[in-house]
Amino acid sequence: MLATGLLPSKGISVIPIAGILIGGALTATYLSGRRALDELAQRFGEVEAALSLGLLDREARLLIARDKAASALIPAIDQTRTVGLVTLPGAFVGMMLGGASPIAAGAVQLFVLIALLAVEAIATFLTLELVARGVIIDRGDH
């Protein structure tokens, strides 16, 4: 958004957008990690069976946890689907109240939603990869 000039490079405009993206990434990281770890704990026998068939530890974990971790993106997809139809998005309303044109406000909101989906997809992918490699483990204190 900064590169296209759609978003001015001033703190007053960058900080809220960065906050939205960071918040989305945190939510996706938590949901994907928690779901992947829970699935691995529940289906531990299947992981062991995959290992006994010759799969590497990472591959066995991915085989079991991938689908549940991907479900962490459902809230972001649902939010994107309902924006403008059911809810009024914050970036859009804030820009309109600040005096921006509806076209500019809509463009910023569209870019925010696309960026949010991209950030959450990347966060989910990285979290799943860290779980599969055993970097993130369940200590049983949740």
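Numbers for residues simply follow the sequence, beginning at 1.
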Seminar exercise, completed: When every non-hydrogen atom of A72 is compared with those of P75, the smallest separation belongs to O-CD, 3.3 Å
Exercise. R43: what forms a salt bridge (Lys or Arg N to Asp or Glu O under 4.0 Å) with it, not counting sequence neighbours?
Worked result: E39, E46
For this session: Provide the closest heavy-atom pair for S32 versus A69 in the form atom of the first, atom of the second, distance.
Result: CB-O, 3.7 Å
Exercise. Any link between I122 and L73 through a network of hydrophobic side chains (Ile, Leu, Val, Met, Phe, Trp, Tyr) touching at under 4.5 Å?
Worked result: no
Exercise. If you count the non-hydrogen atoms of other residues, nucleotides and ligands that lie under 6.0 Å from CG in L53, is the total more than 12?
Worked result: yes
Exercise. Is it the case that one hydrophobic cluster holds both L116 and F125, taking links as side-chain heavy atoms less than 4.5 Å apart, direct or via other members?
Worked result: no
Problem set entry | Linked, directly or transitively: V14 and L21 (ILVMFWY side chains, under 4.5 Å) | yes
Exercise. What's the shortest heavy-atom distance between V112 and I17, and which atoms?
Worked result: CG2-CD1, 3.5 Å
Exercise. In terms of side-chain geometry, is the basic nitrogen of R133 or D57 positioned less than 4.0 Å from the acidic oxygen of its partner?
Worked result: no
Problem set entry | R61 side-chain N/O to V131 backbone N/O, donor-acceptor pair under 3.5 Å | yes
Exercise. Honestly curious: do L130 and V119 fall in one hydrophobic cluster under the side-chain, below-4.5 Å linking rule?
Worked result: no
Exercise. Looking at CG of L31 and CD1 of I74, how far apart are the two atoms once the value is rounded to the nearest 0.5 Å?
Worked result: 10.0 Å
Problem set entry | Separation of D67 CG from L62 CG (nearest 0.5 Å) | 10.5 Å
Exercise. What are the two closest non-hydrogen atoms of D138 and L37, and how far apart are they?
Worked result: N-CD2, 3.9 Å
Exercise. Hey, is D38 close enough to R35 for a salt bridge, meaning N to O under 4.0 Å?
Worked result: no
Exercise. Does L40 belong to the same Ile/Leu/Val/Met/Phe/Trp/Tyr cluster as L56, with side-chain heavy atoms less than 4.5 Å apart forming each link?
Worked result: no
For this session: Quick one: pull up OG1 in T27 and CD in Q79 and give me the separation to the nearest 0.5 Å.
Result: 9.5 Å
Seminar exercise, completed: Closest non-hydrogen atoms of G11 and P16, given as atom of the first, atom of the second and distance, are O-CD, 3.9 Å
Seminar exercise, completed: One should read off an interatomic distance between L63 CG and L55 CG, to the nearest 0.5 angstrom, of 6.5 Å
Seminar exercise, completed: Here the pair of heavy atoms bringing A25 nearest to A123 is O-CB, 3.8 Å
Problem set entry | Distance (rounded to the nearest 0.5 Å) between L128 CG and K68 NZ | 13.5 Å
Seminar exercise, completed: Here the gap from I114 atom CD1 to L110 atom CG, rounded to the nearest 0.5 Å, amounts to 4.0 Å
